[in-house]
Amino acid sequence: MLKKALKISFYSGLALGISIFIWLIYLYSEVRFDIQKIVDYKPKLTTQFFDKNQRLVANIFDDEHRFYSSFNEIPPRVIEALVAIEDTQFFEHSGINNEAILRAIAKDIKAMKLVEGASTLTQQLVKTMVLTREKKIIRKVKEVLLSLRLEMLLTKEEIIERYLNQVYFGHGYYGIKTAALGYFHKSLSQLTLKEIAILVGLPRAPSFYDPTKNLKHAISRANQVINRMQVLGWISKEDYTIAIKEIPTVYKETLTKNKAPYVIDSALNILSQDIPDIKYGGYKVNL
């Protein structure tokens with residue numbers, strides 16, 4: 001009887017395993033082509049108009065105000081700060097963090113609902129570009145499947161580059177280069193550790209941590225980033241002390257900075273006849 005029971009149990013488990021495998025293949029088939037949107041990444045970029053003295057006249061964009069930064073333009077300190085607060089094991093895992101998932105599952109079971117996602121940076125990129133943000137188990141499974149696949153198609157550096165150019169940083173800024181120029185009037189290489197910490201802390205809740213609206217909350221979030229970097233031993237005690245005390249100057253201004261609306265409208269009407277993507281192609285136009 002025992003032998004028979006074990007045999008039945010074995011075949012039942014095998015059948016369940018096969019069913020789950022088929023279900024996973026089906027889920028992946030539903031979204032597998034969407035991953036090309038991330039692999040062949042072509043975001044909307046802001047076009048800029050300059051006068052004869054190379055002074056900015058206007059930023060023109062379609063939906064998303066974004067200046068692109070290649071991986072080589074992104075300072076190592078920015079990457080360290082981002083990884084420290086969002087995904088410490090980013091350069092070690094294959095798209096998902098097994099330990100974090102187990103912790104999240106335990107919390108989800110206790111709460112009897114999906115309360116913690118345990119998302120890696122890869123998963124966050126997939127969620128931002130391909131999937132919805134709704135907290136459903138099926139969506140989460142799709143996210144995991146696509147993240148595992150994405151890590152096979154792109155390098156870690158390519159994933160980081162896409163993440164930092166795609167995500168929203170509040171105040172109408174898409175991409176970290178845009179946010180650095182907008183909030184601090186600085187290029188990425190000019191940012192202080194505190195300014196970097198503010199920026200990498202924004203994607204978690206960009207409206208809530210927007211430093212032009214809630215500087216106190218933005219500073220608090222930045223200090224969490226700095227504390228985490230110190231715990232990991234990625235910054236010195238001196239760097240930590242200086243960064244914690246700093247209160248950066250934050251600028252609040254319009255996104256377009258349009259100084260000549262009539263001239264810009266006329267130029268757009270003329271250029272759009274030959275350049276259909278003039279508003280989102282990232283061009284630099286001298287008037």
*Asks:* Would you call Ile196 and Glu80 a side-chain contact if the rule is heavy atoms closer than 4.5 Å?
*Replies:*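 In short, these two side chains do not touch, never coming nearer than 4.5 Å.
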*Asks:* Run Asn286 and Lys52 through side chain to side chain contact (heavy atoms under 4.5 Å, CB included) and show every step you take.
*Replies:* CA-CA 7 Å; Asn286 292 317; Lys52 62 181 181 180; over 6 Å; no
*Asks:* Taking only residues two or more places apart in sequence or in another chain, which ones pass ring pair (Phe, Tyr, Trp, His ring centres under 6.0 Å) with Tyr240?
*Replies:*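 Checked Tyr240 against ring pair (Phe, Tyr, Trp, His ring centres under 6.0 Å); zero matches.
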*Asks:* Sequence neighbours left out, what pairs pass salt bridge (charged side-chain N to carboxylate O under 4.0 Å, His left out) with at least one residue falling in residues 262-283?
*Replies:*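 Not a single pair qualifies under salt bridge (charged side-chain N to carboxylate O under 4.0 Å, His left out).
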*Asks:* Could you list the residues that satisfy side chain to side chain contact (heavy atoms under 4.5 Å, CB included) with Leu148, not counting sequence neighbours?
*Replies:*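 Leu148 satisfies side chain to side chain contact (heavy atoms under 4.5 Å, CB included) with Ser94, Ile96, Val144 only.
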*Asks:* So, using side-chain hydrogen bond (donor to acceptor under 3.5 Å, both in side chains) as the criterion, who are the partners of Gln166 when residues are at least two apart?
*Replies:*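 By the side-chain hydrogen bond (donor to acceptor under 3.5 Å, both in side chains) rule, Gln166 matches Tyr41.
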*Asks:* In chain order, what residues pass the side chain to side chain contact (heavy atoms under 4.5 Å, CB included) check against Lys284, with sequence neighbours excluded?
*Replies:*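 In terms of side chain to side chain contact (heavy atoms under 4.5 Å, CB included), with neighbours along the sequence ignored, Lys284 is linked to Gln48, Phe50.
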*Asks:* Among residues two or more places apart or on two chains, list those pairs meeting salt bridge (charged side-chain N to carboxylate O under 4.0 Å, His left out) that have a residue in residues 206-229.
*Replies:*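 Sorted pair list: Glu86-Arg221.
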*Asks:* Side chains of Tyr283 and Ile275: does their closest heavy-atom pair fall under 4.5 Å?
*Replies:*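 Touching, per the 4.5 Å side-chain cut-off.
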*Asks:* Locate the shortest heavy-atom distance separating Glu253 from Gly182; write the atom from each residue and the value.
*Replies:*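 Closest approach of Glu253 to Gly182: OE2-O, 3.8 Å.
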*Asks:* What are the two closest non-hydrogen atoms of Ser119 and Gln124, and how far apart are they?
*Replies:*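 Nearest heavy atoms, Ser119 then Gln124: O-NE2, 3.6 Å.
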*Asks:* Among Tyr173, Tyr209, Tyr174, find the one that has a ring pair (Phe, Tyr, Trp, His ring centres under 6.0 Å) with Tyr168.
*Replies:*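 Output: one option passes, namely Tyr174.
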*Asks:* Would you kindly confirm whether Ile278 and Ile270 end up in one hydrophobic cluster when ILVMFWY residues are joined by side chain heavy atoms under 4.5 Å apart?
*Replies:*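 Per the 4.5 Å side-chain linkage, Ile278 and Ile270 are not co-clustered.
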*Asks:* Do Arg66 side-chain atoms and Gly175 backbone N/O form a donor-acceptor pair below 3.5 Å?
*Replies:*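 It does not hold such a pair.
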*Asks:* Any salt bridge (charged side-chain N to carboxylate O under 4.0 Å, His left out) pairs touching residues 161-182, not counting sequence neighbours?
*Replies:*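 Non-adjacent pairs meeting salt bridge (charged side-chain N to carboxylate O under 4.0 Å, His left out): Glu73-Lys177.
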*Asks:* In chain order, what residues pass the ring pair (Phe, Tyr, Trp, His ring centres under 6.0 Å) check against Phe90, with sequence neighbours excluded?
*Replies:*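 Ring pair (Phe, Tyr, Trp, His ring centres under 6.0 Å) list for Phe90, sorted by chain: His93.
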*Asks:* Apply side chain to side chain contact (heavy atoms under 4.5 Å, CB included) to residues Glu151 and Lys156 and explain how you reach the verdict.
*Replies:* CA-CA 7 Å; Glu151 292 262 354; Lys156 292 288 186 179; 3.0 Å; yes
*Asks:* Using a 4.5 Å cut-off on heavy atoms from C-beta on, say whether the side chain of Thr46 contacts that of Ile60.
*Replies:*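 In short, these two side chains do not touch, never coming nearer than 4.5 Å.
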*Asks:* Can you tell me how far CE of Met129 sits from CG of Leu150, rounded to the nearest 0.5 angstrom?
*Replies:*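 Going from the CG atom of Leu150 to the CE atom of Met129 covers 9.5 Å.
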*Asks:* Please determine whether residues Val231 and Ile85 belong to a single hydrophobic cluster, defined as Ile, Leu, Val, Met, Phe, Trp and Tyr linked transitively by side-chain heavy-atom distances below 4.5 Å.
*Replies:*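 No; tracing contacts between hydrophobic side chains, which count when under 4.5 Å, never links both residues.
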*Asks:* Tell me, with the steps shown, if Ile38 and Val130 meet side chain to side chain contact (heavy atoms under 4.5 Å, CB included).
*Replies:* CA-CA 8 Å; Ile38 305 177; Val130 177; 3.7 Å; yes
*Asks:* Taking C-beta and beyond as the side chain, do Leu255 and Asn59 meet within less than 4.5 Å on heavy atoms?
*Replies:*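 Result no, sub-4.5 Å side-chain heavy-atom pair not found.
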*Asks:* I'd like to know if Leu215 and Val225 are part of one continuous hydrophobic network [Ile/Leu/Val/Met/Phe/Trp/Tyr, side-chain heavy atoms within less than 4.5 Å].
*Replies:*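 Yes, because Val225 and Leu215 connect within a single hydrophobic cluster, where side-chain heavy atoms sit under 4.5 Å apart.
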*Asks:* Please check: side-chain N/O of Asp51 versus main-chain N/O of Gln54, any donor-acceptor pairing under 3.5 Å?
*Replies:*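 Checked: pair present.
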*Asks:* Under a 4.5 Å cut-off applied to non-hydrogen side-chain atoms, are Ile235 and Ile226 in contact?
*Replies:*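 Ile235 vs Ile226: side chains touch.
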*Asks:* What pair of heavy atoms forms the shortest contact from Ala218 to Ile198, and how long is it?
*Replies:*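 Closest approach of Ala218 to Ile198: O-CG1, 4.1 Å.
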*Asks:* What closest approach, in Å, do Tyr183 and Leu199 show between heavy atoms, and which atom pair accounts for it?
*Replies:*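 For Tyr183 versus Leu199, the nearest heavy atoms are CD1-CD2, 3.9 Å.
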*Asks:* Tell me the closest heavy-atom pair linking Arg77 and Asp239, and the distance in Å.
*Replies:*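 Scanning both residues, the minimum pair turns out to be NH2-OD2, 3.8 Å.
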*Asks:* Could you tell me which residues satisfy side chain to side chain contact (heavy atoms under 4.5 Å, CB included) with Leu164, sequence neighbours excluded, listed by chain and number?
*Replies:*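 Side chain to side chain contact (heavy atoms under 4.5 Å, CB included) check on Leu164 returns Ile74, Val78, Leu82, Ile160, Phe169, Ile176.
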*Asks:* Leu191, Val167: one ILVMFWY side-chain cluster at the under-4.5 Å cut-off?
*Replies:*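 Yes; tracing contacts between hydrophobic side chains, which count when under 4.5 Å, links both residues.
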*Asks:* If only atom types and distance count, is the side chain of Asn165 paired as donor or acceptor with the main-chain N or O of Ser70 below 3.5 Å?
*Replies:*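 No, because the side chain of Asn165 does not come within donor-acceptor range (under 3.5 Å) of the backbone of Ser70.
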*Asks:* Identify each donor-acceptor pair in which a side-chain atom of residues 200-208 lies under 3.5 Å from a protein atom, sequence neighbours left out, and give them as a table.
*Replies:*
none

*Asks:* Is there a donor in the side chain of Ser189 and an acceptor in the side chain of Ser187, or the other way round, less than 3.5 Å apart?
*Replies:*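 Note: Ser189 and Ser187 side chains meet the donor-acceptor criterion.
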*Asks:* Between Leu181 and Lys186, is the side chain to side chain contact (heavy atoms under 4.5 Å, CB included) condition met? List the steps.
*Replies:* CA-CA 5 Å; Leu181 290 169; Lys186 292 182 178 182; over 6 Å; no
*Asks:* Is there a path of hydrophobic side-chain contacts, each under 4.5 Å between heavy atoms of I, L, V, M, F, W or Y residues, that connects Phe91 with Leu125?
*Replies:*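 Both belong to a single hydrophobic cluster.
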*Asks:* State whether the side chain of Tyr262 and the backbone N or O of Ser266 hold a donor-acceptor pair below 3.5 Å, judged by distance alone.
*Replies:*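 Not at all, since once roles are kept as given, no pair shorter than 3.5 Å links the two residues.
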*Asks:* Compare every heavy atom of Ser147 with every heavy atom of Gly95, then report the nearest pair and how far apart it is.
*Replies:*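 Shortest heavy-atom separation between Gly95 and Ser147 comes out as O-CB, 3.8 Å.
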*Asks:* I'd like a table of donor-acceptor pairs (distance under 3.5 Å, sequence neighbours excluded) in which one partner is a side-chain atom from residues 241-252, with atom names and distances.
*Replies:*
residue	atom	partner	partner atom	Å
Thr241	OG1	Lys237	O	2.9
Glu246	OE1	Thr192	OG1	3.1
Glu246	OE2	Thr192	OG1	3.0

*Asks:* Measuring from atom OH of Tyr163 to atom CG of Leu121, what distance do you get when rounded to the nearest 0.5 angstrom?
*Replies:*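 Here the rounded value is 5.5 Å.
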*Asks:* Taking ring pair (Phe, Tyr, Trp, His ring centres under 6.0 Å) as the test, write out the residues that go with Phe67, two or more places apart.
*Replies:*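 Phe67: ring pair (Phe, Tyr, Trp, His ring centres under 6.0 Å) contacts with His65.
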*Asks:* Any side-chain heavy atom of Leu271 within less than 4.5 Å of one from Phe49?
*Replies:*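 Yes, side chains in contact.
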*Asks:* Step through the shown structure and confirm whether more than 12 heavy atoms of other residues, nucleotides or ligands are within 6.0 Å of CD on Glu238.
*Replies:*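 At most 12 heavy atoms, drawn from other residues, nucleotides or ligands, come within 6.0 Å of this atom.
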*Asks:* Taking the side chain from Asp62 and the backbone from Tyr280, do they hold a donor-acceptor pair closer than 3.5 Å?
*Replies:*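 Absent.
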